[in-house]
Amino acid sequence: MIVRPLPSQSNMLLVVLATVVALGPLSIDMYLPAMPGMVDWFGTSVSQVQLTISSFLVGFALFHLVCGPLADRYGRKPVMLGGLGLYLVAGVACANAQTIGELIFFRFLQGVAACVGPTLGRAITRDLFEPQQAARALAYIAIIMALAPAAAPTVGGILLVFYDWPSIFYALSIYCALAMILMLVLVPESLPEVQSLHPLQIGRNYLSLFRDREYLQIVSSSSLLYAGMITFLSVSGFVLIDMQGVSPQLFGLLFLPIVVGYMIGNALSTRLSVGRTSERVMWIGVNTALCAAALMFSASSIWFHPASIVIPMAGYAVGCGLVLPHAMAVALRAYPHMAATASALLGFIQMGLSSAAGAFVGYLLVDTALPMTLNMCALAIMSWLLIRPLRHP
């Protein structure tokens, strides 16, 4: 798939879509510095606080299966605005949670609402851009989107200096309100063809996706790699702050190399896509991530220092930046008539694997980073095995 430059008039649309899509990563990244302190605040355990991320990801994953068909029937904007409205309410509820159980539940609702951003952002991109331009458009969205998560842990750390953890959820709610206004004013409805909401038709659509071996290989490979990144995010606060003594403020700064790595990966994906297939670019990205995961495992075993975690993670992020935009484009390439449904199944698999991996590592994590580094290596190896047969389509 050879791509051409995107038209300049698309720039504002891409910025708005990136703003909405960023709500999901922001919902995880911004309150990472607060997680160790929340253990004492609620009088609970590390694994219970980690469940506030896992429950978010479960809600994020499950609603994909409903969000896609709804958007293919009623349009992208109504479903997007409805999800953002629910997120706003859930964010305020999170800020006022009195027990860890309440917070876990409201985070689940927040995840349900947040899934409309990436699911419908991908679908709108597929609707409005030619197939050969979709990977580049998604890469541009990812580069723009990465600016917000780059600052999120730092902003969260600064908020914790002056206020308690609920201020982070109030800040997310304000961001959501601004995203709703931008979506309402600047993004057109792009539904190309109305699909039926009859259960049999929805079932047939999903069945056709499950029968597509290439679709499943691409989606599973990229999802395993993404699950490795979520594994790191879900326990990084405990590894860097509790085990290695990093302050919440410095923790945010340590995320900058990782986000820069992700942005570099996305920028490279647009360059490498000229003259190369998406499958070939994904192959390069998976190999990059696998090497970085192996380096993290070996380096942190020898020298347990923040640098032994952060530097390899930046390389892993480069690999993810190379893989994810092209995986999305290839997965949606054959399904313009039901792009939201195809995007929804992709998101369901991606977030389902991420939630399971994050919860598993959070349960095993005690006083060493070994469960995290081993899990990331295993996920990268499985991703490599799945994408290898497709590297020369």
Side-chain angles (χ1 to χ4, degrees), residues 25-26 28-30 32-33 35-36 50 53 142-143 145-154 156-157 222-248 250-269 284-324 350 353-354 357-358 360-362 364-365 368-384:
L26 281 173
I28 297 175
D29 294 355
M30 189 175 286
L32 291 176
M35 291 179 69
Q50 198 280 330
I53 288 184
I143 292 171
M145 184 190 77
L147 296 175
T154 302
S222 62
S223 297
L224 288 164
L225 210 63
Y226 185 79
M229 188 187 303
I230 293 297
T231 294
F232 170 80
L233 291 176
S234 63
V235 299
S236 59
F238 303 110
V239 171
L240 294 173
I241 295 176
D242 282 354
M243 297 181 191
Q244 297 184 334
V246 172
S247 69
L250 179 58
F251 175 83
L253 294 177
L254 289 177
F255 259 69
L256 292 178
I258 298 168
V259 176
V260 169
Y262 185 65
M263 294 175 69
I264 289 173
N266 278 278
L268 285 174
S269 76
I284 296 171
V286 170
N287 278 278
T288 302
L290 178 56
C291 291
L295 176 62
M296 182 189 295
F297 169 73
S298 57
S300 62
S301 300
I302 297 170
W303 181 47
F304 192 52
H305 185 272
S308 67
I309 300 293
V310 172
I311 293 174
M313 190 60 210
Y316 191 95
V318 171
C320 288
L322 284 166
V323 169
L324 296 179
Q350 189 178 77
L353 287 173
S354 298
F360 177 70
V361 172
L364 294 177
L365 196 74
T368 173
L370 191 61
M372 179 188 76
T373 56
L374 275 177
N375 185 68
M376 291 181 65
C377 285
L379 291 169
I381 290 170
M382 288 188 285
S383 177
W384 185 90

S.K.: Between CD1 of Ile53 and CD1 of Ile230, what distance do you get to the nearest 0.5 Å?
M.R.: 8.0 Å

S.K.: Restricting to non-hydrogen atoms, name the atom on Gly315 and the atom on Ala292 that form the minimum distance, rounded to 0.1 Å.
M.R.: C-CB, 3.6 Å

S.K.: Does Ile309 reach the side chain of Phe232, with side-chain heavy atoms less than 4.5 Å apart?
M.R.: yes

S.K.: For a quick test of reading the model, state the closest non-hydrogen atom pair linking Met382 to Leu224 and the distance between them.
M.R.: CB-CD1, 3.7 Å

S.K.: Kindly give the heavy-atom pair with the smallest separation between Leu290 and Ala380, and that separation in Å.
M.R.: CD1-CB, 3.7 Å

S.K.: Considering only heavy atoms from C-beta outward, does the side chain of Tyr316 approach that of Leu225 to under 4.5 Å?
M.R.: yes

S.K.: Hey, does the side chain of Ser383 reach the backbone of Leu379 with a donor-acceptor pair shorter than 3.5 angstrom?
M.R.: no

S.K.: For Ser300 versus Thr373, what's the shortest heavy-atom pair and its separation?
M.R.: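 Minimum heavy-atom separation between Ser300 and Thr373: OG-CG2, 3.7 Å.
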
S.K.: Quick check: closest heavy atoms across Pro306 and Leu254, and the distance to 0.1 Å?
M.R.: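 Here Pro306 and Leu254 meet closest at CB-CD1, 4.2 Å.
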
S.K.: Provide the closest heavy-atom pair for Asn375 versus Ala357 in the form atom of the first, atom of the second, distance.
M.R.: ND2-CB, 3.9 Å

S.K.: Does the side chain of Met376 come within less than 4.5 Å of Met229's, by heavy atoms?
M.R.: no

S.K.: Step by step, work out the side-chain contact (heavy atoms from CB on, under 4.5 Å) result for Cys320 and Tyr262.
M.R.: CA-CA 7 Å; Cys320 288; Tyr262 185 65; 4.2 Å; yes

S.K.: Quick check for you: to the nearest 0.5 Å, what is the distance between Leu374 atom CG and Ser301 atom OG?
M.R.: 7.5 Å

S.K.: Is any side-chain heavy atom of Phe304 closer than 4.5 Å to one of Val239?
M.R.: yes

